[in-house]
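Counting starts at 1 for both ligands and their atoms, in listed order.
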Amino acid sequence: MWSLQNLLFIICIALKCVTCEAGVIHVTGYVGREVNVSCSYDEGYESYEKYLCKNDCGDSDVLITTSNSSKNKHRIHDDKTSRIFTTTISDLHSVDAGKYWCGVTRNGKDIYTEVELKLVPDSCCDTVTKVQSYEGYSESVSCPYESQYQNSLKYICRGNQPSTCLQQALITSDTKQNGRFRLDDDKVSGTFTVTINSLTQNDSGSYLCGVQRNSDVDVFSAVELEVKEWCCVKSTTINGTAGYPLTLQCLYPRQYRHNSQFLCKGEHRNNCTKMAVSQRRFTLQDNATSSSFMMKITALEADDAGTYWCGTDSQWRVGNYTKIELSVFLQHTSTVTPGTTVGTRIPDAALYVVYTVPVALLLMCVLVIVYKYRCLKAGDTTSKHTPKTKSSKEVMGATGSRVSLRERILIELCVYNTLHYK
Ligand SMILES: *[C@@H]1O[C@H](CO)[C@@H](O)[C@H](O)[C@H]1NC(C)=O
Ligand SMILES: *[C@@H]1O[C@H](CO)[C@@H](O)[C@H](O)[C@H]1NC(C)=O
Ligand SMILES: *[C@@H]1O[C@H](CO)[C@@H](O)[C@H](O)[C@H]1NC(C)=O
Ligand SMILES: *[C@@H]1O[C@H](CO)[C@@H](O)[C@H](O)[C@H]1NC(C)=O
Ligand SMILES: *[C@@H]1O[C@H](CO)[C@@H](O)[C@H](O)[C@H]1NC(C)=O
Ligand SMILES: *[C@@H]1O[C@H](CO)[C@@H](O)[C@H](O)[C@H]1NC(C)=O
Ligand SMILES: CC(=O)N[C@H]1CO[C@H](CO)[C@@H](O)[C@@H]1O
């Protein structure tokens with residue numbers, strides 16, 4: 001059964017006289033994108049109709065002809081000077097893969113060229129090289145390639161979409177230098193290197209190294225670059241108490257021990273103000289044995305709270321940096337934390353002292369005041385009007401003006417205690 005079908009097919013093909021004049025044309029396209037299928041023809045056929053068909057090229061298999069050059073997702077263009085007609089198939093789906101024929105209509109048998117369309121996903125790659133760096137640094141990305149591509153165009157682009165990589169290339173081997181990007185091609189080792197200067201966190205992400213091929217889709221390798229925020233190299237939090245001495249310790253890599261050491265203060269490391277070591281309260285001390293230097297503050301002040309940065313290179317380029325968040329405690333009352341302006345925290349602290357006296361004591365005062373107020377009111381009322389109840393009369397009789405004096409003393413004592421409580 002199968003062989004009969006096969007035979008019928010062969011006969012069918014033979015009857016249609018399909019011939020492969022220039023062998024099979026292999027074309028690769030990206031899923032979701034478009035592909036150009038170009039077929040050449042011999043001299044003399046310039047004015048003939050050209051077409052692209054699928055399967056066994058019956059009438060219903062013709063996808064597009066030069067007589068009607070745009071249909072659905074197919075476009076055809078006949079370049080009569082170079083004698084090449086090109087069919088563009090857009091919005092490629094996996095079902096579009098397979099065998100096609102380029103045809104030239106003529107009396108008798110048409111001329112056919114076989115085309116094999118292969119589809120690949122528009123993403124790359126299974127293996128990704130990871131590269132880590134820091135803000136402000138320069139980083140080189142190495143892209144190896146096979147020796148047969150020594151003289152091919154090399155390029156790098158962002159993202160991981162091969163189909164658009166070349167047109168969005170950041171730099172190619174033709175330009176070599178473009179702003180912060182430089183491309184060096186070492187043909188001997190078969191590696192091209194892309195160097196990116198003055199890295200920002202914006203440079204983090206995926207990159208594709210591309211090598212152009214003329215007869216097929218380009219070759220790619222994927223790189224993932226992570227640019228770390230400069231501050232996050234090391235971060236510590238320190239609590240100090242106002243009035244007491246404090247030492248801030250800054251570690252540095254041993255190889256940087258001869259660099260100048262600095263400490264600065266400010267929310268952002270790019271515009272923090274350098275600590276004036278000449279200030280009497282501060283002293284800077286290096287400790288080479290522990291690869292660190294220390295900033296000693298004799299008596300901590302509320303103003304000292306904030307963010308500090310220290311390192312061993314004022315160019316902010318190399319070495320390890322430390323971010324220190326210093327909070328200053330005002331003797332068991334309130335904290336001056338970094339990120340807030342000290343000027344507004346101090347009054348807070350003062351209020352805190354007044355309002356955090358034991359609640360019980362305050363409550364007692366309030367009760368006494370209320371009680372006394374009511375007593376006085378009751379006294380006033382009863383002196384002008386006839387007492388309505390026995391109890392109110394008793395209260396009046398038992399207390400009177402003498403009690404009022406005693407109460408006043410109590411209240412005053414109470415308020416005094418409240419205000420002078422520490
Ligand atoms: C197909 O050819 C057209 C015309 O030359 C060109 O603009 C387009 O970029 C080509 N598409 C692809 C995927 O090569
Ligand atoms: C070309 O194709 C379009 C859309 O399929 C159709 O409307 C039009 O009639 C065709 N033109 C000719 C000359 O066949
Ligand atoms: C970061 O990249 C975005 C878009 O990718 C851009 O709009 C923004 O300006 C860039 N920021 C810097 C600081 O380069
Ligand atoms: C500093 O004080 C805060 C608030 O009291 C506390 O949460 C934190 O654990 C303290 N940190 C250190 C390093 O003592
Ligand atoms: C410091 O730099 C940051 C951004 O890095 C900016 O938001 C801030 O306003 C700057 N501060 C001053 C005082 O220039
Ligand atoms: C330097 O650091 C080492 C190790 O932490 C310590 O033993 C030594 O006392 C420090 N020296 C000074 C002068 O602080
Ligand atoms: C960013 C940076 O330079 N980090 C260095 C911090 O210090 C250690 C050694 O102490 C180095 O190995 C890191 O490279």
Side-chain angles (χ1 to χ4, degrees), residues 25-40 50 52 64 66 69-70 73-93 96-97 100 102 115 117-122 153 161-169 210 212-218 220 234-242 244-252 254 257 261 283-297 300 302 304-308 322-340 345 348-349 352 356:
I25 296 172
H26 291 276
V27 180
T28 310
Y30 292 108
V31 174
R33 300 282 156 179
E34 60 170 39
V35 72
N36 286 334
V37 177
S38 294
C39 299
S40 60
K50 323 286 177 338
L52 187 79
I64 185 96
T66 47
S69 62
S70 179
K73 54 184 207 161
H74 299 92
R75 286 195 315 274
I76 196 162
H77 171 73
D78 187 5
D79 184 346
K80 287 172 178 158
T81 40
S82 62
R83 294 199 312 280
I84 294 173
F85 71 98
T86 302
T87 307
T88 306
I89 310 171
S90 52
D91 188 26
L92 289 168
H93 285 89
D96 295 320
Y100 291 80
C102 278
V115 176
L117 174 62
K118 195 175 108 188
L119 292 184
V120 292
D122 191 13
L153 180 81
Q161 232 171 23
S163 65
T164 53
C165 192
L166 182 54
Q167 71 194 65
Q168 292 174 359
Q212 193 177 38
R213 289 197 293 184
N214 295 321
S215 54
D216 204 347
V217 286
D218 298 353
F220 294 97
K234 198 166 190 289
S235 188
T236 55
T237 307
I238 292 178
N239 290 339
T241 309
Y244 288 86
L246 184 91
T247 303
L248 301 178
Q249 192 180 33
C250 293
L251 293 165
Y252 55 82
R254 182 153 295 272
R257 63 189 176 279
Q261 298 150 356
T283 44
L284 197 67
Q285 194 181 0
D286 188 34
N287 187 341
T289 50
S290 62
S291 271
S292 68
F293 66 93
M294 284 171 284
M295 171 68 85
K296 286 189 174 169
I297 307 173
L300 212 55
D304 295 329
T307 307
Y308 292 83
T322 310
K323 179 187 183 183
I324 300 170
E325 302 264 16
L326 173 63
S327 301
V328 178
F329 283 79
L330 300 178
Q331 303 253 18
H332 311 296
T333 55
S334 175
T335 325
V336 180
T337 50
T340 56
R345 292 300 278 206
D348 280 358
Y352 188 76
T356 55

Novice: Side chains of T66 and D78: do they bring a donor and an acceptor to under 3.5 Å?
Specialist: no
Novice: Of all the non-hydrogen atoms in the protein, which one sits nearest to atom 13 (C) of ligand 6, and at what distance?
Specialist: Q285 NE2, 3.8 Å
Novice: Report yes or no: do T28 and D216 form a side-chain donor-acceptor pair below 3.5 Å?
Specialist: yes
Novice: Look at atom 2 (O) of ligand 1 and say which protein heavy atom is nearest, naming residue and atom and giving the distance to 0.1 Å.
Specialist: N36 ND2, 2.3 Å
Novice: Below 4.5 Å, heavy atoms only, C-beta onward: do I324 and C250 meet side chain to side chain?
Specialist: yes
Novice: Please could you name the atoms of ligand 6 that T289 approaches to less than 4.0 Å, counting only its heavy atoms?
Specialist: 1 (C), 2 (O), 3 (C)
Novice: Hey, are S292 and Q249 close enough side-chain-wise for a donor-acceptor pair under 3.5 Å?
Specialist: yes
Novice: For ligand 4, does I238 get within less than 4.0 Å through its side chain, its backbone, both, or neither, judged by non-hydrogen atoms?
Specialist: neither
Novice: Check whether the side chains of T81 and D79 place a donor and an acceptor atom closer than 3.5 Å, and report yes or no.
Specialist: yes
Novice: Out of T247, N287, D286, whose heavy atom is nearest to atom 11 (N) of ligand 6?
Specialist: N287
Novice: From the options T88, V217, L92, select the one residue that forms a side-chain contact (heavy atoms from CB on, under 4.5 Å) with V35.
Specialist: L92
Novice: Nearest non-hydrogen atom to atom 14 (O) of ligand 4 belongs to which of T236, N239, L326?
Specialist: N239
Novice: Protein heavy-atom contact under 4.0 Å for atom 9 (O) of ligand 6?
Specialist: no
Novice: Looking only at heavy atoms, is any part of E34 under 4.0 Å from ligand 1, and if so is it the side chain, the backbone, or both, or is it neither?
Specialist: both
Novice: Heavy atoms only: which of S291, S292, A288, S290 is nearest to atom 5 (O) of ligand 6?
Specialist: S290
